[in-house]
Amino acid sequence: MKKRLILLGPPGSGKGTLAAQLQSDFKLDHVSSGHLLRMEVEKYTRMGRYVQAFLDRGELVPDEFLLDFMAGWWNGLSADSKFMLDGFPRTLRQAEVLDLRLAERNAGIEAVLFLDCPVTLAIQRISGRRSCPKCGRVYHRSALLHPKAGQCEECVVDLIHRQDDEEEVVRKRYDIYVQETEPLIQYYRGQQKLTFIDGSSCAMETFAATKVALAK
Ligand code: ADP
């Protein structure tokens with residue numbers, strides 16, 4: 001079973017949902033750069049105020065900043081660490097630095113799951129989603145019809161609609177993904193770590209396909 005993963009794919013391809021399932025079944029640490037950045041914004045630190053503008057506009061935070069920020073995470077890693085990265089790396093430079101830092105800690109990436117999904121489906125999913133401001137878990141509006149609708153099952157706090165989940169911003173995030181992040185598919189294919197997972201099917205099928213891929 002592979003225990004150090006990257007989840008790669010456009011916004012709305014289901015990375016967060018898949019990560020929640022993998023976390024609960026396989027106890028892999030879910031490391032979401034977007035969630036970590038939003039926590040910083042929430043704390044209203046200087047750093048948080050700096051990144052907020054990028055997040056709101058749906059633009060990437062500059063590489064040098066992001067790499068410094070993520071050092072707080074990789075400094076604590078060892079050869080036994082088990083994790084899945086969601087939203088990081090997003091540029092070639094981030095991927096190269098990540099490889100170096102993980103190699104220094106004998107904690108190299110074992111598999112990269114590439115979840116693909118078309119832009120129309122991504123927009124449909126994201127514009128209907130609500131997120132937990134505390135743990136970052138996402139819920140689709142249509143799944144909110146149960147008795148505790150509107151609250152996170154784990155944290156019991158009210159769900160929110162993220163500002164960068166508005167349709168116009170989602171389109172921009174998708175374009176940036178195509179430009180900046182898609183080249184990583186070739187990068188990891190070159191390392192023979194890439195596995196394609198259909199991100200347009202339902203969450204259960206995606207999870208089943210992922211389990212098969214990780215067992216190989
Ligand atoms: P999603 O996966 O739904 O697109 P995320 O929660 O991963 O959204 O990211 C939200 C925002 O956080 C991004 O639009 C970007 O502004 C910032 N961000 C997250 N990860 C990175 C990263 N690796 N590099 C640069 N910016 C990032």
Side-chain angles (χ1 to χ4, degrees), residues 5-20 22 30-43 47-74 83-99 101-102 109 112-119 121-140 159-185 187-188 197 199 203 206:
L5 318 176
I6 291 176
L7 306 181
L8 193 63
S13 58
K15 301 184 298 289
T17 305
L18 179 62
L22 289 170
H30 178 193
V31 183
S32 157
S33 48
H35 181 61
L36 294 172
L37 290 169
R38 281 188 292 277
M39 304 275 281
E40 215 49 53
V41 172
E42 195 72 8
K43 284 190 259 164
M47 209 191 267
R49 289 198 294 276
Y50 170 73
V51 294
Q52 178 158 28
F54 293 95
L55 263 74
D56 287 350
R57 292 194 301 260
E59 290 167 12
L60 295 188
V61 174
D63 278 347
E64 290 320 308
F65 174 90
L66 204 278
L67 288 166
D68 254 14
F69 181 71
M70 292 308 288
W73 165 71
W74 64 56
F83 58 81
M84 63 209 147
L85 290 169
D86 163 10
F88 174 73
R90 253 179 162 94
T91 63
L92 266 178
R93 164 124 180 91
Q94 291 180 15
E96 285 163 358
V97 173
L98 175 68
D99 270 350
R101 298 297 163 256
L102 294 182
I109 295 297
V112 178
L113 303 175
F114 167 43
L115 273 87
D116 204 7
C117 118
V119 67
L121 180 60
I123 289 171
Q124 191 190 333
R125 282 177 174 169
I126 294 185
S127 51
R129 82 182 180 185
R130 299 291 178 270
S131 321
C132 172
K134 205 166 158 205
C135 72
R137 183 167 162 190
V138 293
Y139 297 79
H140 193 268
L159 302 176
I160 54 154
H161 183 59
R162 272 167 46 188
Q163 178 169 337
D164 63 340
D165 281 350
E166 294 298 330
E167 177 168 341
E168 199 183 317
V169 186
V170 176
R171 282 189 189 278
K172 185 163 165 193
R173 280 160 59 200
Y174 201 97
D175 289 347
I176 292 176
Y177 161 81
V178 171
Q179 217 171 25
E180 301 284 345
T181 312
E182 257 185 9
L184 297 188
I185 298 169
Y187 179 81
Y188 289 115
I197 306 277
T206 303

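In listed order, ligands and their atoms are each counted from 1. Computation of the quantities below employed the complete heavy-atom set of this structure, encompassing side-chain atoms and omitting hydrogens, waters and symmetry-equivalent molecules. In this chain, numbering begins with 1 at the start of the sequence shown.
The residues Glu40 and Lys43 are annotated as salt-bridged, a charged nitrogen and a carboxylate oxygen being separated by less than 4.0 angstrom. By the 4.0 Å N-to-carboxylate-O rule, Glu42 lies too far from Arg38 to be salt-bridged with it.
When hydrogens are left out, the protein atom nearest atom 11 (C) of ligand 1 is Leu55 CG, 3.9 Å; that is the closest non-hydrogen contact. Atom 2 (O) of ligand 1 has its closest protein heavy atom at Lys15 NZ, 3.5 Å. From the protein, the heavy atom lying nearest to atom 26 (N) of ligand 1 is Val61 N, 3.0 Å. When only non-hydrogen protein atoms are considered, atom 20 (N) of ligand 1 lies nearest to Ser33 OG, 2.8 Å.
Residue contacts with ligand 1 include Arg129, since one of its heavy atoms falls under 4.0 Å from the ligand. The shortest separation from a heavy atom of Arg162 to ligand 1 is under 4.0 Å, placing the residue in contact. Residue Arg57 places every heavy atom at 4.0 Å or more from ligand 1.
In the vicinity of Arg38, heavy-atom distances shorter than 4.0 Å reach the ligand 1 atoms 6 (O), 10 (C).
Between Glu59 and ligand 1, a contact under 3.5 Å exists for at least one N or O pair.
To the nearest 0.5 Å, atom OG of residue Ser131 and atom CZ of residue Arg137 are 11.5 Å apart. Distance CD1/Ile109 to CE/Met84: 12.0 Å, rounded to 0.5 Å. Rounding to the nearest 0.5 Å places CZ of Arg173 at 10.5 Å from CD1 of Ile123.
Closest heavy-atom approach to atom 23 (N) of ligand 1 among the candidates Pro89, Gly87, Ala95: Gly87. For atom 5 (P) of ligand 1, the candidate residues are Arg90, Met70, His35; the nearest heavy-atom contact is made by Arg90. Looking at Arg93, Gln94, Arg173, it is Gln94 that brings a heavy atom closest to atom 24 (N) of ligand 1.
For Leu66, every heavy-atom contact with ligand 1 shorter than 4.0 Å involves the side chain, none the backbone. Heavy atoms of Leu37 found under 4.0 angstrom from ligand 1 belong exclusively to the side chain.
The two atoms that bring Pro10 and Lys15 nearest to each other are O-NZ, 3.2 Å, heavy atoms only. The two residues Gly12 and Cys117 make their nearest non-hydrogen contact at O-SG, 3.7 Å.
With Arg90 as reference, Leu60 is the one residue of Asp63, Leu184, Leu60, Leu8 to meet the side-chain contact (heavy atoms from CB on, under 4.5 Å) rule.
Ring orientation note: the planes of Phe65 and Tyr50 are tilted relative to one another, at an angle of 30° to 60°.
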